[in-house]
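Letters A, B, ... are given to chains in the order of the sequence lines, protein chains preceding strands, and every chain is numbered from 1.
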There are 2 protein chains.
Amino acid sequence: MATLKDIARALDLSITQVSRALNDHSDVNEETRLRVKATARAMNYHPNASARKLVSGRSGMVGLVVPNNRNIGQDRLFMEVVAGLSTQFSGRGMQFVLHMMAEHEPVLPVYQKLIGKAMLDGFVLIDPLDQDPRIDFLRKTGISFVVHGRSGKSIDYPYFDIENEQLAYDLTFHLTQRGHRRIAFLNGLAGRSYVTVREQGYLRALRDGGAEVLPHLHLHGEMDDAHGLTDTIRLFSGDAPRPTAIVCGNVRLARGVYQGLEALGLSVPGDVSVVAHDDELPALRASAFFPSLTVTKSPLRDSWEPLADCLAGAIEGKPLGTLQRLGSYSFIERNSVATP
Amino acid sequence: MATLKDIARALDLSITQVSRALNDHSDVNEETRLRVKATARAMNYHPNASARKLVSGRSGMVGLVVPNNRNIGQDRLFMEVVAGLSTQFSGRGMQFVLHMMAEHEPVLPVYQKLIGKAMLDGFVLIDPLDQDPRIDFLRKTGISFVVHGRSGKSIDYPYFDIENEQLAYDLTFHLTQRGHRRIAFLNGLAGRSYVTVREQGYLRALRDGGAEVLPHLHLHGEMDDAHGLTDTIRLFSGDAPRPTAIVCGNVRLARGVYQGLEALGLSVPGDVSVVAHDDELPALRASAFFPSLTVTKSPLRDSWEPLADCLAGAIEGKPLGTLQRLGSYSFIERNSVATP
DNA sequence: CGGTTTTCCCGAAACGTTTCGGAAAACATA
DNA sequence: TATGTTTTCCGAAACGTTTCGGGAAAACCG
């Protein structure tokens with residue numbers, strides 16, 4: 001636990017100069033800088049994070065607050081997020097604080113408290129809602145943050161996102177081009193901003209492609225196998241006009257859809273075409289579906305690096321322009337689409 | 001971001017007295033204490049963690065360092081650990097720092113660095129190995145820590161553990177009492193301390209129960225479905241004497257074993273008896289096996305609270321006796337065991 | 001050689017908290 | 001009234017770092 005004082009004493013320098021040498025300030029002799037750095041390493045000195053935070057306002061620690069309302073234990077996505085972000089920040093010499101809230105605990109007071117303790121430099125915000133109150137709150141406090149996604153009309157904060165509107169458009173429009181006129185969309189939970197945005201892309205493509213807009217074909221829900229299965233069964237029960245194609249919000253939904261169609265005795269793509277967006281979650285390969293699944297692909301694991309980048313940049317005070325990034329996706333045509 | 005100074009000024013008190021009032025020291029008037037606490041809440045004051053850490057040595061932050069060598073993305077256990085610990089510490093008003101190391105990065109320098117930065121009060125240590133070097137290292141530095149499990153001969157540190165020796169004994173001895181003489185044990189990865197300890201329990205039960213000790217029936221490996229399946233196939237191939245019963249380190253292994261036995265045309269328990277230890281991981285119910293599985297049960301999710309308790313206690317300087325805890329387990333007899 | 005700039009360094013203050021040692025006032029004891 | 005005791009308070013120092021404002025010496029310029 002060597003301190004600046006120890007190094008200063010060892011080299012017969014002032015604490016000031018040692019600090020400046022280690023922080024690469026301009027007015028310190030090149031030779032002394034080297035001597036200081038050498039002895040710092042030798043005494044394996046690490047700057048005391050608390051002292052540093054106290055005076056400079058930076059601690060190198062960032063936080064993720066996770067509302068624990070859903071069954072986290074089952075959630076593969078959550079693990080991806082946590083493992084990805086933690087690895088990224090650890091690799092940058094930063095610390096990653098994971099705060100899991102109690103169920104039904106209000107969110108904003110938690111941020112309030114964490115900010116009050118003044119130990120975090122910033123936050124990562126995931127799963128933004130339409131008009132997310134967290135964003136307004138954090139913006140008001142002035143603390144740095146980065147959003148995984150976008151929400152609200154004035155987007156004047158750092159984010160990393162993919163073009164959800166466009167990929168929903170691409171998937172849907174592809175189906176209209178193959179002649180489909182009744183296209184269902186199994187979307188995510190209503191209220192999530194990416195869900196709303198995808199809906200817009202879906203509707204735009206329906207109009208552009210000359211397909212029917214049928215509200216009963218647009219469904220919201222958890223994006224897992226079970227909902228894919230049950231939604232499919234429902235779409236093909238009852239009297240309402242049935243779809244000839246289904247757009248799935250992710251590959252898990254698509255797996256459920258395949259099961260549902262098989263149970264109904266319908267074939268893919270003979271009776272029903274299916275497309276999906278592929279986050280490339282582990283152990284779930286769209287190419288291994290039978291028939292293999294046509295998707296827009298954008299690996300979720302490519303999110304963590306830009307997210308960490310943007311947050312680190314925001315903390316360093318970089319201009320907003322460099323802190324708003326869009327990930328790319330690719331359209332991969334396989335064998336799950338045919339003409340109706 | 002109210003500070004002690006703000007409160008002091010508002011109440012015309014000294015900073016000292018405000019601090020003492022908030023920390024429930026003895027020499028402060030009951031009435032002033034209440035006034036102070038009221039205004040503190042009103043100004044929603046939160047003590048600055050860095051300043052506190054700097055002077056008192058406590059920051060209320062603890063860390064978990066995770067070696068990222070295995071495929072974390074797939075690991076359900078990891079998620080349980082992280083979600084459980086984070087929830088526990090958050091609930092105690094403490095902060096949980098998750099540090100995921102790069103693959104093949106040496107561990108001890110990471111601890112060294114984190115301790116050097118002096119922002120953490122302690123560590124949770126999981127998956128201890130026999131003679132785990134991390135334990136020796138942390139002990140030498142003097143920082144608080146708690147181990148999930150036990151390792152080494154002189155166990156003079158806080159831990160939470162279950163009686164792995166005894167439960168392996170119970171499972172194995174149960175089979176000997178039903179007349180089994182050749183009992184296989186699908187254990188975990190060699191080198192883990194709980195694996196070694198379970199082996200001892202298994203061997204002790206074989207001797208006590210008068211069964212044969214056949215080294216080729218004791219197998220090590222990752223404790224998942226795949227290994228349960230492949231190990232089972234191997235146990236019943238070749239010329240070596242075949243087991244009439246199998247002890248599984250967890251329920252995932254047991255599921256693989258059931259699949260393997262079915263593939264071999266062997267029935268449970270008619271041809272082979274199977275028992276396991278049940279960590280009660282979500283979405284894997286031993287009672288839903290067919291035939292339902294006889295187990296020793298000890299929910300893993302019951303570990304996080306005592307672990308957090310013990311670490312918090314260690315940081316507060318409580319005596320070691322209260323910081324070494326053993327979880328209980330129960331033996332649940334179902335339908336997967338018969339006489340050979 | 002006088003004046004100006006550059007180079008390299010340092011003391012002291014500040015961040016917000018806890019805690020040590022003392023001290024004034026009120027109260028009890030003799 | 002003098003002496004101790006308890007109650008309630010406060011000033012000042014300390015934790016380890018960064019940074020502001022200066023300052024001495026060396027280098028440069030005409």
- Note on the structure: Of all heavy-atom pairs linking B:Met101 and B:Pro67, the shortest is CE-CA, 3.7 Å
- Message: Any N or O donor-acceptor pair under 3.5 Å from the base of C:dG16 to the side chain of B:Thr3?
- Response: no
- Query: Expressed in angstrom and rounded to an integer, what is the separation of A:Asp24 atom CG from D:dT18 atom P?
  - Reply: 12 Å
- Note on the structure: The residue among A:Phe145, A:Phe96, A:Tyr157, A:Tyr111 that forms ring-ring contact (aromatic ring centres under 6.0 Å, His included) with A:Phe123 is A:Tyr111
- Query: What's the closest nucleotide to the A:Asn23 side chain, out of C:dG16, C:dC9, D:dT18?
  - Reply: D:dT18
- Is a side-chain N or O of A:Ser86 found less than 3.5 angstrom from the main chain of B:Leu98, in a donor-acceptor match? yes
- Task: Take the protein atom CD of A:Glu30 and the nucleotide atom P of C:dC9, then report the distance between them rounded to whole Å.
- Result: 11 Å
- Message: Could you tell me if the side chain of B:Ser59 sits less than 4.5 Å from the side chain of A:Met119, heavy atoms only?
- Response: no
- Item | 5' priority, DNA chain C, between B:Ile15 and A:Thr32 [closest heavy atom] | A:Thr32
- Message: Could you report the tightest heavy-atom contact between B:Ile315 and B:Met94, atom names first, then the distance?
- Response: CD1-CE, 4.1 Å
- Earlier contact from the 5' end, DNA chain D, for A:Ala2 and B:Val28: B:Val28
- Between CG of B:Asp27 and C1' of C:dC20 the distance, given in whole Å, is 12 Å
- Rounded distance in Å - NZ (B:Lys117) to C1' (D:dC15): 18 Å
- Task: Please report the closest heavy-atom contact between B:Thr87 and B:Ala83, naming both atoms and the distance.
- Result: OG1-O, 2.7 Å
- Task: Measure the distance from CG on A:Asp121 to P on C:dC15 and round it to the nearest whole Å.
- Result: 19 Å
- Would you mind reading off the bend of the helix from C:dC1-D:dG30 to C:dA30-D:dT1 from its two end axes, five pairs each, to 10 degrees? 50°
- Message: Does D:dT18 have OP1 or OP2 under 4.0 Å away from a side-chain N or O of A:Ser56?
- Response: no
- Message: From the set C:dC10, C:dT19, D:dG11, return the single nucleotide nearest to any side-chain atom of B:His25.
- Response: C:dT19
- Look up atom CD1 in B:Ile162 and atom CG in B:Leu326, then write down how far apart they are to the nearest 0.5 Å. 9.5 Å
- Item | Atom-to-atom span, CZ of A:Arg58 to P of C:dC15 - whole angstrom | 18 Å
- Query: What is the distance, rounded to the nearest whole Å, between atom CG of B:Leu4 and atom P of D:dG11?
  - Reply: 14 Å
- Interatomic distance, CZ@A:Phe160 vs CD@A:Gln324, rounded to 0.5 Å, equals 13.0 Å
- Note on the structure: What residues 42-52 of chain B contributes to the DNA chain C interface at heavy-atom separation below 4.0 Å is B:Tyr45, B:Pro47, B:Asn48, B:Ala51, B:Arg52
- A:Lys53 versus A:Asp121: any side-chain heavy-atom pair under 4.5 Å? yes
- d(B:Asn23 CG, B:Arg52 CZ) to nearest 0.5 Å is 6.0 Å
- Task: Look at the side chain of B:Ser19 and decide which nucleotide, out of C:dT19, D:dG11, C:dC8, has an atom nearest to it.
- Result: C:dT19
- Message: What is the separation between atom CG on A:Leu54 and atom P on C:dT18, rounded to the nearest whole Å?
- Response: 12 Å
- Query: Between A:Asn29 and C:dT7, is there a side-chain N or O to OP1/OP2 distance below 4.0 Å?
  - Reply: no
- Message: If you only use heavy atoms from C-beta on, which nucleotide in C:dC9, C:dG16, C:dA12 is closest to the side chain of A:Thr16?
- Response: C:dA12
